[in-house]
Amino acid sequence: MSFSPQGPLHITNTLTRSKQEFVPLAPPHVGLYVCGPTVYSDVHLGNVRSFLSFDILFRWLTALGYKVRYVRNITDVGHLTGDVDEGEDKIAKRARLEQLEPMEVVQKYTNGFHDVMRVFNILPPSIEPTATAHLIEQIAMVERILASGYAYTANGSVYFDVPKFAAEHPYGELSGRRVDELLANTRDTEGMEEKRSPLDFALWKRADHTHLMKWPSPWGEGFPGWHLECSAMSTKYLGLTFDIHGGGMDLKFPHHECEIAQSVAADGQVPVRYWMHGNMLTVNGRKMAKSEGNGFTPEELITGNHKLLERGYSPMTVRFFMLQCHYGSTLDFSNAALQAAEKGLERLMAALRGLEKLAPAAKPMPELDAQVQELEQRCVAAMNDDLNTPVLIAELFEGVRLINSARDGKAALSGPALERLRTFFAALVRDVLGLRDESVAMGDDKLLDGLVQEFIRQRAEARARRDFAAGDAIRDRLAEVGIILKDGKDGTTWERA
RNA sequence: GGUCGCGUGGCCGAGUGGCUAGGCACAGCUCUGCAAAAGCUGCUACAGCGGUUCGAAUCCGCUCGCGACCUCCA
């Protein structure tokens with residue numbers, strides 16, 4: 001038996017600000033592009049949330065039977081610090097500070113990023129392209145934009161002409177901006193003397209001899225603008241128009257708006273059919289960001305070594321915590337919420353372990369067959385409704401109650417119902433939500449289990465003699481070393497604290 | 001200042017016109033030698049004010065509070 005949920009899937013398309021049925025351009029194939037990290041420093045928890053949201057999308061599309069080509073880039077050049085365009089390249093800056101070759105910085109933080117993704121069980125994409133490996137494509141795209149007349153060169157740099165583009169095409173649709181309003185709200189124009197309009201953005205930036213990262217181009221030595229890589233690489237791997245583009249809410253403007261403009265200017269096609277944006281992780285109501293100093297690294301999170309953390313939390317606790325909130329809502333971090341998630345997750349995973357040991361009842365209750373089926377349907381419906389993981393989790397807890405009741409002999413499941421429940425429950429928890437069991441329990445370690453079983457036997461003997469003091473002493477000593485005994489109807493089980 | 005969004009029970013957090021989300025916490029009960037676990041039950045909210053409606057957490061208006069974007073950020 002397998003878990004093979006059916007659509008239709010509905011997702012919130014940020015472009016139309018509405019929930020729409022997802023219909024791929026060329027089923028069963030789905031093209032998915034997600035803006036990846038700029039690898040100039042350690043990722044923080046807020047970054048993790050974003051990649052987790054799209055991990056769930058990727059997993060659910062796959063569960064629905066789609067063949068997903070999932071492209072998530074690594075930005076390794078072109079992302080400037082500070083304001084306007086005189087900022088330094090983030091990676092070059094880091095290289096200078098750490099006295100490393102820029103590519104060493106890139107490698108170091110790319111490795112770190114991958115480690116973090118693995119720790120949180122976020123699946124790798126199908127293709128993970130880097131900007132520096134696609135300079136030819138980016139230069140070619142700039143040439144197409146120049147040829148179509150929506151860009152101009154200035155002193156070795158190339159800029160996108162936003163006012164000209166906006167006069168002939170929709171601009172600002174995704175983010176709800178209007179060019180006149182943007183112009184009215186423009187601040188200082190320092191360092192922008194090369195641009196014709198403050199709204200224009202760099203496609204290619206000239207680099208002088210002091211720059212660490214530069215490449216030859218038709219306009220001289222330089223480097224690509226930040227927005228360009230996503231357009232060039234999504235076009236290369238997913239085509240001129242593809243299904244879904246995702247990223248954090250904070251990328252909507254200007255990054256994604258610029259991507260649309262570039263693609264339309266270069267190739268005359270609207271690049272993306274569904275835009276999806278994950279919301280922010282906040283701390284005390286404020287966005288977690290490196291510049292706010294309220295972010296922490298996954299390592300700090302796990303060890304608890306950060307001023308915001310009362311103690312450490314396991315990666316799966318964090319994953320579960322985040323999935324209890326819809327990706328489109330802001331999620332506020334707090335120790336209390338994390339601790340609540342930790343307990344809830346443990347109850348969920350304990351039920352999953354119990355489910356595997358459950359045997360069909362001798363006298364099944366027929367009404368439970370329908371109940372199991374309805375539960376599965378509600379779970380699938382929750383995911384199809386814009387990846388509503390909090391509702392899915394709520395439904396799964398209904399399953400937890402059923403499983404525990406069956407274990408206690410209060411609910412009698414038929415063979416088929418049990419098999420059905422096992423199949424979809426495990427698939428949803430492990431494959432769709434991507435939750436791994438972190439507890440080390442009976443059976444995982446033969447030596448340990450053998451030893452604990454011996455103690456359990458000794459305690460059972462003591463209890464049989466009604467020597468409860470001796471029995472309790474065994475239980476207390478095991479508890480001291482982190483082993484919890486649980487007396488059930490069918491004997492004693494144990495697990496780690 | 002402009003644009004957009006949010007304000008749900010002790011805490012976290014779903015829900016967009018009627019029908020109790022769920023988790024955690026708390027209280028009682030059952031089970032148990034005790035404990036833990038588990039099950040059952042209870043606590044039942046929707047920022048404020050006004051309006052629309054037979055009926056609003058859900059729609060509209062105003063007020064208050066908060067946030068995001070507008071400049072790099074997942």
Side-chain angles (χ1 to χ4, degrees), chain A residues 17 34-38 40 43-54 79-85 87-88 90 172 175-178 180-182 184-188 198 226 246-255 277-282 285-292 295 320-321 324-326 328-348 350-351 354 382 385 388-398 400-401 403-405 407-411 463 466-469 471-472 475-476 479 484-489 492-493 495:
Chain A
R17 288 172 190 74
V34 172
C35 289
T38 302
Y40 70 104
V43 293
H44 66 236
L45 202 59
N47 304 108
V48 171
R49 185 183 182 207
S50 185
F51 299 123
L52 172 61
S53 298
F54 294 105
H79 205 161
L80 303 180
T81 62
D83 55 354
V84 214
D85 283 313
E88 194 174 1
K90 286 185 173 183
S175 55
R177 304 300 151 104
R178 291 162 46 103
D180 51 349
E181 283 170 358
L182 286 169
N185 287 310
T186 302
R187 298 184 198 162
D188 58 70
W226 173 44
M249 211 73 118
D250 47 0
L251 295 181
K252 232 160 123 176
F253 188 89
H255 186 57
H277 289 95
N279 216 322
M280 300 292 108
L281 181 69
T282 62
R286 292 189 177 276
K287 175 181 165 185
M288 181 180 280
K290 283 165 188 164
S291 54
E292 294 261 350
F320 182 75
F321 163 70
Q324 276 186 297
C325 173
H326 190 260
S329 305
T330 54
L331 170 62
D332 197 57
F333 163 87
S334 74
N335 282 281
L338 240 0
Q339 283 160 27
E342 188 175 70
K343 293 208 172 183
L345 175 64
E346 173 48 28
R347 193 156 81 89
L348 180 68
D385 184 13
N388 201 328
T389 52
V391 168
L392 169 63
I393 289 170
E395 298 295 353
L396 288 175
F397 274 105
E398 298 298 328
V400 167
R401 202 170 299 153
I403 290 163
N404 288 332
S405 296
R407 184 208 54 202
D408 292 346
K410 287 172 184 161
R463 294 174 73 210
R466 301 195 67 77
D467 183 354
F468 295 118
D472 289 352
R475 185 176 62 198
D476 292 347
I484 308 298
L485 298 188
K486 294 178 180 176
D487 296 334
K489 279 194 167 29
T492 301
T493 58
E495 58 187 45

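Keep in mind that this is a model prediction, so the values were computed, not measured. Residue numbers start from 1 in every chain, and the chains themselves are labelled A, B, ... in the order their sequence lines are given, proteins ahead of strands.
- Base engagement by A:Met280 is indicated by at least one non-hydrogen atom pair under 4.0 Å involving a base atom.
- The side chain of A:Ser334 approaches B:C12 more closely than any other nucleotide in the set B:C70, B:C12, B:C34.
- Comparing B:U71 with B:U3, their P atoms sit 15 Å apart, to the nearest whole Å.
- In this structure, the side chains of A:Arg49 and A:Asn279 come closer than 4.5 Å at one or more pairs of heavy atoms.
- Of the candidates B:C34, B:G33, B:G39, the closest approach to any side-chain atom of A:Lys410 belongs to B:G39.
- Contact annotation: A:Asn388 does not reach the phosphate of B:A14 (side-chain N/O to OP1 or OP2, under 4.0 Å).
- Every side-chain contact (heavy atoms from CB on, under 4.5 Å) that A:Thr389 has, sequence neighbours left out, goes to A:Ile56, A:Leu323, A:Met383, A:Leu433.
- Take A:Lys252 and apply the salt bridge (Lys or Arg N to Asp or Glu O under 4.0 Å) test, not counting sequence neighbours, and it matches no residue.
- Under the ring pair (Phe, Tyr, Trp, His ring centres under 6.0 Å) criterion, A:Phe321 pairs with no residue at all, not counting sequence neighbours.
- Judged by closest nucleotide on RNA chain B, A:Leu331 is the one of A:Arg463 and A:Leu331 placed further toward the 5' end.
- To the nearest whole angstrom, the two C1' atoms, one in B:U41 and one in B:C31, are 15 Å apart.
- Here the nucleotide nearest the side chain of A:Leu281, chosen from B:A14, B:A74, B:G2, is B:A74.
- Within the 4.0 angstrom heavy-atom criterion, only backbone atoms of the sugar-phosphate kind lie near A:Gly176; the bases stay farther away.
- Listed by chain and number, the residues in a salt bridge (Lys or Arg N to Asp or Glu O under 4.0 Å) with A:Asp476 amount to none (sequence neighbours excluded).
- Judged by distance alone, with hydrogens and angles left aside, A:Asp487 brings a side-chain donor or acceptor within reach of the base of B:C34, the pair sitting under 3.5 Å.
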Could you write nucleotides 17-27 of chain B as a row of B, S and -, 5' to 3', where a protein heavy atom under 4.0 Å of any base atom gives B, of only sugar-phosphate atoms gives S, and otherwise -? ----BSSSS--

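- On a pure distance criterion of 3.5 Å, no polar donor-acceptor pair joins the side chain of A:Arg178 and the base of B:G2.
- Comparing the C1' positions of B:A57 and B:U16 gives an interatomic distance of 9 Å, to the nearest angstrom.
- Using atom P as the reference point in both B:C12 and B:G17, the two lie 26 Å apart (nearest Å).
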Sub-3.5 Å pairs of nitrogen or oxygen atoms, protein against nucleotides 64-67 of chain B:
from: B:G67; atom 1: OP1; to: A:Arg286; atom 2: NH2; distance (Å): 2.6

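- A distance of about 10 Å separates the P atoms of B:C26 and B:A37, rounded to the whole Å.
- A donor-acceptor pair is defined here as one N or O able to donate and one able to accept, closer than 3.5 Å; no such pair exists between the side chain of A:Arg407 and the backbone of A:Ala351.
- Scanning both residues, A:Ser50 and A:Gly247, for their nearest heavy atoms gives OG-C, 4.3 Å.
- Looking at residues two or more places apart in sequence or on another chain, you find a side chain to side chain donor-acceptor pair (under 3.5 Å) between A:Lys486 and A:Glu495.
- Contact annotation for A:Leu485: base contact, defined as any heavy-atom pair under 4.0 Å involving a base atom.
- In RNA chain B, stems built from 3 or more consecutive Watson-Crick or G-U wobble pairs, each with both distances under 3.5 Å, span B:1-7 with B:64-70, B:10-12 with B:22-24, B:26-30 with B:38-42, B:47-51 with B:59-63.
- Remark: A:Arg463 engages A:Asp487 in a salt bridge (Lys or Arg N to Asp or Glu O under 4.0 Å) (not counting sequence neighbours).
- Nucleotides B:G55 and B:G51 are separated by 12 Å at their P atoms, to the nearest Å.
- In the set B:A14, B:G2, B:A38, B:A38 carries the atom at the smallest distance from any side-chain atom of A:Arg407.
- Of the candidate nucleotides B:C72, B:A74, B:U3, B:C72 has the atom nearest to the side chain of A:Lys90.
- Nucleic acid contact class of A:Asp332 (heavy atoms, under 4.0 Å, all strands): sugar-phosphate only.
- Applying the side-chain contact (heavy atoms from CB on, under 4.5 Å) test to A:Val391 and every residue at least two apart in sequence or in another chain returns A:Ala382, A:Asn388, A:Glu395.
- Side-chain contact between A:His255 and A:Phe253 is absent, with no heavy-atom pair separated by less than 4.5 Å.
- Only the C1' atoms considered, B:G39 is 47 Å distant from B:U63, to the nearest whole Å.
- A:Phe253 comes within contact range of the sugar-phosphate backbone alone, with a heavy-atom separation under 4.0 Å but no base atom that close.
- Using a 4.0 Å cut-off, some side-chain N or O of A:Asn47 falls inside it from OP1 or OP2 of B:A74.
- Counting non-hydrogen atoms under 4.0 angstrom, A:Ser53 reaches nothing in the nucleic acid.
- Listed pair A:Ser329 / B:G13 fails the phosphate criterion, with no side-chain N or O lying under 4.0 Å from OP1 or OP2.
- Across the P atoms, B:U44 and B:C11 are found 15 Å apart, a figure rounded to whole Å.
- Of all non-hydrogen atoms in A:Met288 and A:Gly295, the two that sit nearest each other are CG-CA, 3.5 Å.
- Checked against ring pair (Phe, Tyr, Trp, His ring centres under 6.0 Å), A:Phe333 has the following partners two or more places apart in sequence or in another chain: A:Phe296.
- Using a 4.0 Å heavy-atom criterion, one finds that A:Asn279 contacts the bases of the nucleic acid, with or without backbone contacts as well.
- For A:Asp467, the salt bridge (Lys or Arg N to Asp or Glu O under 4.0 Å) partners are A:Arg465, not counting sequence neighbours.
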